[in-house]
Amino acid sequence: MSLVFTVEITFYEEKNFQGRSYECMSDCSDMSSYLSRCQSCRVESGCFMVYERNNYMGQQFFMRRGEYNDMQRMMCMGMMFDNMKSCRMIPYHRGQFRMKIYERENYGGQSYEMMDDCDNIQDRHRMSDCQSCNVMDGHWLMYEQAHYKGRMMYMRPGEYRSFKDMGMSGMRFMSMRRIMESM
């Protein structure tokens, strides 16, 4: 017997789940054809990254199961933008988590292989910055400040030679967290 896991997020044009809505169960690179703006959303199941601009660009915000009835309130929770334009479903990962982080671009400088969350790379690994990484297993969130604060970036398995080339110029990543269903 196989277990089927569905994910779903519903976006609303107005606060408090009012106005036109758009139900999404996968990635959506441009929500503008469905909604003129997004001021609230409800995550029925699963986890999603939402983005400030189309095509998964700009600032990012992690959303797990729950109700987000007001963008202003979400900004108090750490969201750095006031409208969502695209979203990406984060697949549920079973198994180990592995990511190798590098102090400089193109895998340069000091490096460290991680398998667990790290709330401060400066204190734990004596690294002053993280500018590239290789995600071997699992899905991760990287934060610009220690203790999982500030702007964030979603990392799925793959090689990331330069965060600057990904539009994250000027950002320093100082903490990393595994995306787990129980987060």
Side-chain angles (χ1 to χ4, degrees), residues 9 27-29 41 43 46-66 68 71 73-183:
I9 187 169
D27 296 354
C28 180
S29 63
C41 72
V43 180
C47 298
F48 288 83
M49 268 329 263
V50 294
Y51 298 82
E52 152 187 55
R53 298 194 325 247
N54 295 338
N55 299 313
Y56 320 111
M57 300 296 287
Q59 299 297 317
Q60 306 174 23
F61 188 73
F62 176 75
M63 302 186 106
R64 68 175 65 93
R65 185 181 176 144
Y68 303 85
M71 293 297 285
R73 187 165 160 251
M74 290 166 56
M75 290 175 79
C76 294
M77 294 168 45
M79 184 179 232
M80 307 275 185
F81 50 97
D82 63 0
N83 197 0
M84 295 176 260
K85 300 285 188 173
S86 56
C87 74
R88 180 163 287 183
M89 183 211 50
I90 300 173
Y92 178 67
H93 175 75
R94 292 188 179 162
Q96 71 177 359
F97 288 76
R98 284 188 329 132
M99 173 171 64
K100 190 163 189 176
I101 59 173
Y102 298 85
E103 195 171 28
R104 295 194 182 93
E105 293 180 1
N106 297 310
Y107 313 122
Q110 183 180 348
S111 68
Y112 186 79
E113 187 167 314
M114 299 176 42
M115 297 179 78
D116 293 306
D117 298 350
C118 178
D119 66 349
N120 189 326
I121 63 171
Q122 176 74 42
D123 290 349
R124 187 176 294 174
H125 306 299
R126 303 292 181 241
M127 289 178 71
S128 61
D129 200 355
C130 174
Q131 290 295 315
S132 58
C133 73
N134 182 8
V135 177
M136 285 85 75
D137 295 301
H139 299 260
W140 297 76
L141 287 177
M142 299 180 76
Y143 297 82
E144 74 175 331
Q145 297 171 20
H147 308 289
Y148 318 115
K149 296 189 184 320
R151 295 180 294 178
M152 61 182 77
M153 184 165 67
Y154 166 54
M155 308 301 285
R156 55 189 181 177
E159 295 182 355
Y160 302 89
R161 299 181 76 76
S162 171
F163 299 149
K164 183 172 56 176
D165 292 347
M166 297 170 58
M168 298 294 169
S169 183
M171 279 186 70
R172 296 176 46 183
F173 292 103
M174 298 304 293
S175 55
M176 294 82 184
R177 175 178 277 168
R178 298 164 296 158
I179 299 176
M180 304 171 74
E181 188 176 33
S182 62
M183 274 183 70

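Heads up: numbering here begins at 1 and tracks the sequence. As a basis for the values below, the full set of heavy atoms in this structure was taken, side chains included, without hydrogen atoms, waters or symmetry mates.
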**Fill in**
Heavy-atom closest pair (E52 atom, G58 atom, distance to 0.1 Å) is OE1-CA, 3.6 Å

**Asked** Which heavy atom in D119 sits nearest to a heavy atom in Y148, and how many Å separate them?
**Response** N-OH, 3.3 Å

**Asked** Taking all non-hydrogen atoms of both residues, which atom of H139 and which atom of Y154 are closest, and how far apart?
**Response** ND1-OH, 2.7 Å

**Request:** Can you see which heavy atom on Y143 is nearest to which on K149, and at what distance?
**Result:** CB-O, 3.5 Å

**Complete:** Residues at least two apart in sequence or cross-chain that pass ring pair (Phe, Tyr, Trp, His ring centres under 6.0 Å) with F173, listed by chain then number, are F163

**Item:** Non-hydrogen side-chain atoms of R172 and Q145 separated by less than 4.5 Å
**Value:** no

**Prompt:** Does some side-chain heavy atom of K164 sit less than 4.5 Å from a side-chain heavy atom of E105?
**Reply:** yes

**Any side-chain heavy-atom pair of M84 and M63 under 4.5 Å** = yes

**Asked** Any chance the side chains of E103 and S128 put a donor and an acceptor closer than 3.5 Å?
**Response** yes

**Asked** Less than 4.5 Å apart, any side-chain heavy atom of N120 and any of S175?
**Response** no

**Item:** I9 side, atom CD1; R65 side, atom CZ - distance, nearest 0.5 Å
**Value:** 13.0 Å

**Message:** Between M136 and F97, is the side chain to side chain contact (heavy atoms under 4.5 Å, CB included) condition met? List the steps.
**Reply:** CA-CA 8 Å; M136 285 85 75; F97 288 76; over 6 Å; no

**Prompt:** Mind checking whether C130 and M142 have side chains closer than 4.5 Å, heavy atoms only?
**Reply:** yes

**Item:** Shortest non-hydrogen contact between H93 and Q96, atoms and distance
**Value:** NE2-O, 2.8 Å

**Request:** Over all heavy atoms of both residues, which pair between F48 and C87 is shortest? Give the atoms and the distance, please.
**Result:** CD2-SG, 4.4 Å

**Request:** Can you tell me which residue pairs pass the salt bridge (Lys or Arg N to Asp or Glu O under 4.0 Å) test with a partner in residues 125-143, sequence neighbours excluded?
**Result:** R98-D137

